[in-house]
Amino acid sequence: MPDSDHFYQADEGRLSALESNAKAVKKVAMAVSSTLGPKGLDTMLVNSKNEVVITNDGVTILELMKIEHPAAKMIVNVAKAQQEEMGDGTTTATLLASALVDEGVKQVMRGVPVTKVIAGIHRGIGFALHKMREKARPIYELNDEWLQRIAFTACRENEDITLAVIEAVHVLGREKMLKKGFKFSSCVKAFPRVENRVIPGVLLSRSRMNQQMPRKKENVRVLVLADSLEPQTAPNNANGSDESASQQEGSKEEFYVTLEHIIHLEAGLVVVGGQVDSHAESVFTDAGIMVVQNVPQDELRKVAEHTHARIMKTNVLYNSPEEIEAALGMCKEAVDGGDISRVRIIGGQGKPFATIVVGAMTEEILAEYERIAKDAASAVQAAIRGGFVPGGGAMELSLSHYVAHYRETVQGMERFGVTAVAEALQRPMSQVVANAGFNPLEKIESVKAFQVKRHSDSLGIDCDRGTIADMIEMGVVDPLLVKAHALKTAGEVATAILRIHTIVNMKE
């Protein structure tokens with residue numbers, strides 16, 4: 001037996017690394033499994049200072065849990081990857097990963113080589129993903145009623161947030177929702193004590209430079225600068241202090257002329273990535289121009305896209321008034337103040353933008369509202385991109401049936417890995433049913449029989465009555481991309497854990 005100082009072993013070395021990993025993974029999954037489904041409950045997390053967090057968000061629970069086992073930490077990474085990419089489905093991904101490890105270990109304990117189990121899991125998941133995509137119901141129009149239903153479910157039936165998310169979808173348009181790299185959830189901004197609403201434009205994280213500048217500008221030209229709006233400094237190689245002072249004075253004169261050009265071109269809003277010179281602030285204030293400084297680069301890009309402005313460097317301002325004018329954008333309204341002390345740029349002549357504003361009276365509730373709004377936005381975008389499938393574990397249970405049949409076509413011992421996938425796919429509905437207070441074994445077998453009899457992939461359990469019901473008819477659906485990513489990610493981490501033979505502590 002290896003020295004315990006060098007090898008990580010559970011139960012004083014009586015279990016192998018494989019069993020130890022499986023046990024640790026299962027323990028982590030149990031911490032979030034009770035939150036799954038409409039009857040899922042909250043989890044309370046307590047630290048050494050008796051500070052308490054109560055939540056039913058899987059990724060929040062896993063991030064705040066005290067986890068020391070290395071394999072368990074890999075499961076936490078599943079939830080994080082799911083959250084970062086999809087914004088939803090973290091609990092399902094965690095549960096599937098744990099189930100795949102559990103079922104895989106069972107096959108290994110029967111004498112199946114772990115490499116064959118892993119190969120079979122890869123094949124089983126690949127087949128399940130292919131079948132899932134075949135079964136997806138597409139969404140062709142933004143006014144499809146399923147989008148509102150998906151948002152309503154994702155934000156835990158908060159009607160105000162649901163309506164705001166759907167309104168923002170219509171402002172942005174289908175093309176924007178399908179754009180690669182665009183994350184709809186990034187449009188959500190939370191503020192204390194404000195009304196939930198949609199701003200049809202860009203909300204900056206800054207206010208105007210001073211209260212003497214106009215609070216509101218209409219039909220305004222917009223100048224966007226990437227760096228600071230300050231006079232150019234004299235070069236270091238200037239010969240003598242007189243020459244340096246002369247060059248500096250000349251630079252200021254050029255800068256002042258440039259400011260006059262901006263005023264004559266009737267730029268009403270100047271958005272700057274860096275600092276603004278005090279003289280420029282004074283001149284623009286007198287001219288009735290709104291100036292916002294120290295604006296983050298990602299917000300500068302949004303302003304430029306929305307207003308159809310071209311982001312300029314300050315030194316380019318010295319070229320010609322015509323070049324400045326060519327770079328100006330346009331918007332219907334720029335407003336600062338109100339219940340949100342930030343500048344809002346609305347009705348730009350460029351690409352559409354929308355900001356979903358959510359508010360609450362306390363910080364704790366505000367954080368929860370922001371999270372569910374982001375979840376709803378992510379779910380809606382995923383549904384537009386890939387369609388939706390039945391929820392409540394019905395899709396996974398149906399896939400389990402198909403994978404079990406696919407197993408009969410697989411030769412050799414890899415079929416045992418496919419079996420592990422078929423068994424693991426039953427776990428989500430089983431957990432949903434258990435959380436609702438019913439016998440999972442009894443209900444799962446009944447649903448499986450009815451799904452086969454009616455050739456349906458949407459039959460599941462009504463968690464209120466405990467009866468078999470059609471999830472589609474009940475409005476219980478999930479975006480395909482969320483489900484597919486959860487299964488794919490769970491498979492990747494599960495096979496990585498199964499592949500681990502020995503865990504060795506590294507020297508510090």
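Both backbone and side-chain heavy atoms feed into the values below; hydrogens, waters and symmetry mates do not. Just so you know, these numbers come straight off a predicted model, no measurement behind them.
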Is F127 atom CZ crowded by more than 12 heavy atoms from other residues, nucleotides or ligands, each under 6.0 Å away? yes

Could you report the tightest heavy-atom contact between A226 and I311, atom names first, then the distance? CB-CG2, 3.6 Å

4.5 Å side-chain heavy-atom contact, K374 and E370: yes

Contact between I461 and V447 at the side-chain level, heavy atoms closer than 4.5 Å - yes or no? yes

Name the residue from K483, K448, R427 that meets the salt bridge (Lys or Arg N to Asp or Glu O under 4.0 Å) definition with E396. K483

For V389, does its backbone N or O pair with a side-chain atom of K135 as donor and acceptor, under 3.5 Å? no

So that I can tick it off, tell me whether E299 and K302 are bridged by a salt bridge, with the cut-off set at under 4.0 angstrom between side-chain N and carboxylate O. no

Would you call E492 and K488 a salt bridge, using N to O less than 4.0 angstrom? yes

Between F416 and K116, is there a cation-pi geometry (under 6.0 Å to ring centre, at most 45° from the normal)? no

Verdict with reasoning, N435 to L41, per side chain to side chain contact (heavy atoms under 4.5 Å, CB included): CA-CA 8 Å; N435 289 348; L41 300 176; over 6 Å; no

Where A382 and V482 come nearest, the two heavy atoms and their spacing: CB-CG2, 4.0 Å

Any idea which heavy atoms bring S34 and A31 closest together, and the distance? OG-O, 4.4 Å

Just so I know, are the side chains of V357 and I199 near enough to count as touching, which here means a heavy-atom distance under 4.5 Å? yes

Examine the side chains of T467 and D462 and answer whether a donor and an acceptor come within less than 3.5 Å of each other. no

Would the distance check show the side chain of T91 and the main-chain N or O of L36 forming a donor-acceptor pair, the cut-off being under 3.5 Å? no

Shortest non-hydrogen contact from N196 to D160? ND2-CB, 3.6 Å

As a quick check of understanding, evaluate side chain to side chain contact (heavy atoms under 4.5 Å, CB included) for V343 and R206, giving each step before the final call. CA-CA 6 Å; V343 172; R206 302 284 188 270; over 6 Å; no

For L269 and I345, work out which heavy atoms get closest and say how close. CD2-CD1, 3.8 Å

Taking the side chain from D375 and the backbone from S378, do they hold a donor-acceptor pair closer than 3.5 Å? no

Nearest-0.5 Å distance that lies between atom CD1 in I372 and atom CD in E368: 6.0 Å

Carefully, step by step, assess V421 and L399 under the rule side chain to side chain contact (heavy atoms under 4.5 Å, CB included). CA-CA 10 Å; V421 176; L399 291 174; over 6 Å; no

Just wondering, do M177 and R385 contact through their side chains at under 4.5 Å, heavy atoms? no

Enter the distance from I444:CD1 to M429:CE here, rounded to the nearest 0.5 Å. 5.0 Å

Salt bridge flag under 4.0 Å for residues R197 and D339: yes

Quick check for you: to the nearest 0.5 Å, what is the distance between E305 atom CD and K351 atom NZ? 4.5 Å

Any sub-3.5 Å donor-acceptor pair from R499's side-chain atoms to T115's backbone N or O? no

Do the side chains of T90 and V32 get nearer than 4.5 Å, heavy atoms only? no

Using side-chain hydrogen bond (donor to acceptor under 3.5 Å, both in side chains) as the criterion, list what pairs up with Q381, not counting sequence neighbours. none

Is the number of heavy atoms from other residues, nucleotides or ligands within 6.0 Å of CE (M109) greater than 12? yes

Quick check: are there more than 12 heavy atoms from other residues, nucleotides or ligands sitting under 6.0 Å from NZ of K176? yes

Please test I472 against R137 for side chain to side chain contact (heavy atoms under 4.5 Å, CB included), starting from the C-alpha separation and ending with a verdict. CA-CA 10 Å; I472 296 289; R137 285 77 166 168; 4.2 Å; yes

Quick check for you: to the nearest 0.5 Å, what is the distance between I125 atom CD1 and M132 atom CE? 10.0 Å

Any idea how W146 and F388 line up, ring-wise: parallel (<30°), tilted (30 to 60°), or perpendicular (>60°)? tilted

Answer yes or no: is there a donor N or O on one side and an acceptor on the other, between the side chain of T153 and the main chain of R149, under 3.5 Å? yes

Scanning both residues in full, the closest heavy-atom pair of A151 with I166 reads CB-CD1, 4.2 Å

Side-chain touch I356/K189, heavy atoms, less than 4.5 angstrom: no

Just by modelled atom types, is the I340 backbone N or O under 3.5 Å from a matching donor or acceptor in the R342 side chain? no

Please check: side-chain N/O of Q293 versus main-chain N/O of V272, any donor-acceptor pairing under 3.5 Å? no

Taking D102 for its side chain and A424 for its backbone only, find out whether a donor-acceptor pair lies under 3.5 Å. no

Can you tell if the side chain of Q275 reaches within under 4.5 Å of the side chain of N294, non-hydrogen atoms only? yes

Any donor-acceptor N/O pair, R344 side chain to P200 backbone, under 3.5 Å: no

Is the backbone of A422 close enough, under 3.5 Å, to the side chain of S400 for a donor and an acceptor to pair up by distance? yes

When rounded to the nearest 0.5 angstrom, what distance separates CD in Q451 from CE in M395? 8.0 Å

With a 4.5 Å cut-off on side-chain heavy atoms, are I384 and L178 touching? yes

How about E445: does its CD atom have over 12 heavy atoms from other parts shown lying under 6.0 Å from it? yes

Looking at D464 and K39, is there a salt bridge between them, counting it only when a charged N and a carboxylate O are closer than 4.0 Å? yes

Working to the nearest 0.5 angstrom, can you tell me the gap between T162 OG1 and E167 CD? 12.5 Å

